[in-house]
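Let me begin by presenting the structure, written as structure tokens, before commenting on it.
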Amino acid sequence: MKHLLIVAACLVLATACSSKKADESATAASPARSASAAPAQPAAPPATSAEPRKVEITDELVQKYMDYERQNFAIVAKYVEESRENLASAKGDTAKTLQQISINQQLSKEMDGQLEAKRAALGLGGEEFTALEDAVGMIANGRMVYNQMGGDAQLARMEAEQKKQLAALPEAQRAEAEKTMAEMTKSLREMKDGMELRKKYGDKSADVLLKHADELARQRFDALKL
């Protein structure tokens with residue numbers, strides 16, 4: 001259900017989703033000494049973690065992930081429907097409701113097991129899967145929001161309207177207004193073109209994902225309707 005929650009949040013907030021980063025470092029320091037004591041030894045340099053291997057996102061990996069995501073959405077939809085029916089059958093009975101919640105938790109574990117099996121069957125390893133999940137989410141959610149806002153046609157209308165508004169403004173106000181409007185259209189173009197994705201995963205991976213951007217966005221939107 002994580003995918004559906006991420007996508008729903010993107011539509012409500014009209015922003016593209018982001019993933020978490022964590023950097024770890026440790027430093028060692030020598031205890032303080034008196035002025036008469038021998039000079040302290042230099043502190044050990046901060047420990048640094050190795051740079052994670054960068055996953056190159058290929059067309060084959062994207063196709064596998066799209067297959068996984070389709071199955072993912074189908075399994076989640078089935079789980080949500082079963083959970084809804086289970087809770088509805090309790091009909092306000094507290095004891096039955098608690099019992100159905102326990103059953104729903106078991107269903108959730110079964111769902112996770114099925115999804116894990118799907119990933120294994122498609123050969124999506126941990127590092128590859130994590131990168132794909134993050135990268136696909138970035139491009140699919142951003143493109144879905146962009147398309148729902150009207151896509152290229154809306155952007156063209158916006159730019160045309162901005163030109164009219166700028167022309168009608170006094171000369172002294174145009175520079176600031178032009179800057180504000182340029183930032184608005186730039187953010188939309190960056191959402192469409194996956195600039196955040198490009199910075200994080202590189203041009204090659206971004207170009208591969210952009211070929212499937214509309215299909216990925218449509219797949220997630222169809223899942224929302226389910």
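The model shown is predicted, which means the values in this text are computed figures rather than measured ones. All values below were derived from every heavy atom in this structure, side-chain atoms included, with hydrogens, water molecules and symmetry-related copies excluded. Residue numbers count from 1 along this sequence.
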Check against side chain to side chain contact (heavy atoms under 4.5 Å, CB included), Gln154 and Leu188: CA-CA 10 Å; Gln154 177 60 28; Leu188 286 174; over 6 Å; no
Chi angles and distances behind the side chain to side chain contact (heavy atoms under 4.5 Å, CB included) call for Leu216, Glu69: CA-CA 9 Å; Leu216 286 164; Glu69 198 171 64; 4.2 Å; yes
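The backbone N or O of Met184 sits less than 3.5 Å from a side-chain atom of Ser187, completing a donor-acceptor pair. Using a distance-only test at 3.5 Å, with no hydrogens or angles considered, a donor-acceptor pair links the side chain of Arg174 to the main chain of Leu169.
Glu82 and Lys78 are joined by a salt bridge, as a carboxylate oxygen and a charged side-chain nitrogen come within less than 4.0 angstrom of each other.
For CD of Glu85, the number of neighbouring non-hydrogen atoms (other residues, nucleotides, ligands) closer than 6.0 Å is greater than 12. Atom CD of Glu183 has more than 12 heavy atoms from other residues, nucleotides or ligands within 6.0 Å.
Counting heavy atoms from C-beta on, the side chains of Leu210 and Arg143 come closer than 4.5 Å. Considering only heavy atoms from C-beta on, Val136 stays 4.5 Å or farther from Met66 through its side chain. Counting heavy atoms from C-beta outward, His212 and Ile139 have side chains that stay 4.5 Å or more apart. Put simply, the side chain of Asn141 reaches to within 4.5 Å of the side chain of Arg220, judged on heavy atoms. Residues Gln219 and Arg70 have side chains in contact (heavy-atom distance under 4.5 Å, counting atoms from C-beta outward). Under the 4.5 Å side-chain criterion, counting only non-hydrogen atoms from C-beta, Met158 is not in contact with Met181. Between Lys200 and Asp134 the shortest side-chain heavy-atom distance falls below 4.5 Å.
Listed here is the closest heavy atom pair of Thr58 and Val208: C-CG1, 3.6 Å.
A single hydrophobic cluster is seen to contain both Leu122 and Ile57, as judged by linkage of ILVMFWY side chains at heavy-atom distances under 4.5 Å, directly or through other members. Linking ILVMFWY side-chain heavy atoms closer than 4.5 Å, directly or via other members, places Met191 and Leu155 in a single hydrophobic cluster.
The aromatic rings of Tyr65 and Phe129 sit tilted relative to each other, their planes meeting at an angle between 30° and 60°.
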